[in-house]
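So you know, we letter chains A, B, ... as the sequences are listed, proteins then strands, and number each from 1.
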Amino acid sequence: MSKRSSYFLISPMALIFAIFLVVPLLTIIVVSFWDYDEYRILPDFIFENYKYLLGSSVTWQIYLNTFKYAALTWGFTLLIGFTVAYFLAFHVRSLTWQIVLFMLCTIPFWTSNIIRMISWIPFLGRNGLLNSALMGLGIVDEPLEFLLFSDFAVVLADVHLYTLFMVVPIFNSMMRIDRSLIEAARDAGASGFETLRHVIVPLSKPGIAIGSIFVITVVMGDFITVRLMSGGQSASVGLQISNEIGLLQYPAAAASAVVLLVTVLLIVTALLRMVDIRKEL
Amino acid sequence: MAKTREKRPTSFYFLAAFFALFVLFLYGPMLTIFILSFQGENGGLTFPMNGFSAHWFGNLFEQQAVGDFGGSFLRSLKLGLIVMLVTVLVSFMAGLAFRKRFKGDSVIFYLAIASLIVPSILISLGIGLLFNIVSWQPQWFTSALGAHLTWTFPFGLLIMFAVFNRFDPSYEEAARDLGASSWQTIWHIVLPMVAPSLIGVAMFSFTLSYDEFARTLMTAGALNTLPLEIYGMTTNVTTPVLYALGTVTTGFSFVVIAIALGSVLILRHRKGQKA
């Protein structure tokens, strides 16, 4: 194949990315310096949007809250995802069973995220299953209120939605580990835990990094989970942007978007130092 | 590897129990709404069941009751199918292109990664603003289509990378030696070999688009897609019709997976027969 045909083959993808990714992101950056009133956005070059955004203590609160969601979700999805991947990769012995159990984990992924979120409501609600069970068993006298419409509910739903994003890349890394390395560790007298710590975890690092990038970027930009599961009582950066969009304050939303983009890119850059993704494919 | 059956270590049972709990965690809530969608006519959003009926499913299809469920479903279906076809074709082309180094290949690669990690609401906002400034009307088949493609292309491209990295080029060489043109090589050799992965790309891109909310928010224009409709319902509907909707859409997703898996199996079977 000639170079010309390479350019021909790549042009549709390049074109779509240019029109629907690059230009829109540049538009956001430009509009973040524009002015606005109740009806329109006005071309201009002002720093007011940023000044207002970064000067407000609300912004810092919201960022802190978003980082809290991201950190908690990351921690839980990593712990659960690593354990599940480890079980599938090293304890399930036949390939058929590995595939069957793996499919079992992926099936819920194929249904709507919003439906998966609201499916927690009858479980966590004031009269939900969990509260009924706890009261029935006499563990609590009154329904626990913190279960639904709270930070707890937000993190729980995030973990429910995104743990698979950790399982897949970590499992993938683990399946590439040469099994003779583990035997060698055992022959050299390492305990199971030592093998895990000195062999498996370091060799699973690329998967851990890719999963982390996925989970953290998704949670940093999320607004639906926060709105639905916190019942509107908590905020995140994404929710703030979506609210500003709702109020037609586009330049303000654009400034928030630029700050969020920079934050996410910084986090991803830090994580990419751990791994060369192109080598992982 | 030796096939001796070692005794399972104790850790196996702990991990197996952990895995079982994880599966319960994944499926439990979905099962709850599945059961609750058969709530009786006077039943509410939580247990106990107040009778047993298909009332809420019927309610779902009365347009005036819960908005335009049928219309938004059809739009999402059409959009998903267009996204699917475009993604399969474009990712396959890009996969072929990436087998050789070309100028700007890493730019495209990092654009795809960027497309994956830029928060979806930013794509929505950017495209919405762009259309606003140039005074184009956002439509589900223009702006929303583009927004969805930025989400499905990276997945398509990464899958194609994985496929072509494990692809044995000697088959193509053989075809060329026998005098096949590059078109014939692609059509008769490469395409059949990667077909199962292309079905994977198709299935992935369809479900990603069918379920996409954030990227559709500012790009769908005047007419809702299904996720937007569902989202609207979560904020203003307080009857089990919501659960009926969940059950129906989940059921539909399962049909789609079944079709995709079925076609992979048929392809495998045919290949087996030819050999």
Mind ranking [options] by heavy-atom pairs under 4.5 Å with chain B and telling me who comes out on top?
options: A/P108, A/S180, A/G221; value: A/P108
options: A/L25, A/I107, A/I29; value: A/I107
options: A/I216, A/I80, A/V92, A/L161; value: A/I80

Inset, instruction - Let me see the working for B/I133 and A/W34 under side-chain contact (heavy atoms from CB on, under 4.5 Å), right down to the final yes or no. - result: CA-CA 12 Å; B/I133 291 169; A/W34 284 14; 3.8 Å; yes

Legend entry - Aromatic plane relationship, B/F12 with A/H91 - under 30° parallel, 30 to 60° tilted, over 60° perpendicular: tilted

Inset, instruction - Report the relative orientation of the aromatic rings in A/H160 and B/F25; use parallel for angles under 30°, tilted for 30 to 60°, perpendicular for over 60°. - result: perpendicular

Measuring only between side-chain heavy atoms, which start at C-beta, is [X] closer than 4.5 Å to [Y]?
X: A/S112; Y: B/T250; answer: no
X: B/F22; Y: A/T83; answer: no
X: A/F17; Y: B/V107; answer: no
X: B/L242; Y: A/I121; answer: no
X: A/L88; Y: B/F19; answer: yes
X: B/F98; Y: A/I10; answer: yes
X: A/P12; Y: B/M93; answer: yes
X: A/F20; Y: B/S115; answer: no

Contact origin within [X] toward chain B - heavy atom pairs under 4.5 Å:
X: A/S132; value: neither
X: A/L156; value: both
X: A/L101; value: both
X: A/F90; value: neither
X: A/M220; value: neither

Per-residue contact mode, [X] against chain A (heavy atom under 4.5 angstrom):
X: B/Y243; value: side chain
X: B/L226; value: neither
X: B/F213; value: side chain
X: B/S76; value: neither
X: B/F254; value: side chain

Inset, instruction - Kindly compute the distance separating CG (A/L9) from NZ (B/K100), expressed to the nearest 0.5 Å. - result: 10.0 Å

Inset, instruction - Supply the atom-to-atom distance A/F87 CZ to B/S11 OG, rounded to the nearest 0.5 angstrom. - result: 10.0 Å

Legend entry - Residues that B/E172 engages under salt bridge (Lys or Arg N to Asp or Glu O under 4.0 Å), provided they are two or more places apart: B/R99

Inset, instruction - Report, as yes or no, whether the 6.0 Å neighbourhood of atom CZ on A/F76 holds more than 12 heavy atoms from other residues, nucleotides or ligands. - result: no

Legend entry - B/F34 CZ: over 12 foreign heavy atoms closer than 6.0 Å: no

Inset, instruction - Ignoring hydrogens and angles, tell me if any N or O in the side chain of A/N113 forms a donor-acceptor pair with the backbone of B/D211 under 3.5 Å. - result: no

Legend entry - B/Y27 side chain vs A/L104 backbone, donor-acceptor pair below 3.5 Å: yes

Shortest non-hydrogen contact from [X] toward [Y]:
X: B/L26; Y: A/C105; answer: CD1-O, 3.7 Å
X: A/I115; Y: B/G246; answer: CD1-CA, 3.3 Å
X: A/L261; Y: B/V118; answer: CD1-CG2, 3.9 Å

Compile the donor-acceptor pairs under 3.5 Å between side chains in residues 120-132 of chain B and protein atoms, sequence neighbours left out, one pair per line.
unit_1 : atom_1 : unit_2 : atom_2 : d
B/S120 : OG     : B/R215 : NE     : 3.1
B/S124 : OG     : B/A214 : O      : 2.9
B/S124 : OG     : B/M218 : N      : 3.0

[options]: which one forms the most heavy-atom pairs within less than 4.5 Å of chain A?
options: B/L31, B/I117, B/T150, B/V23; result: B/I117
options: B/G251, B/A147, B/P119, B/G146; result: B/G146
options: B/A112, B/G95, B/P9, B/A114; result: B/A112

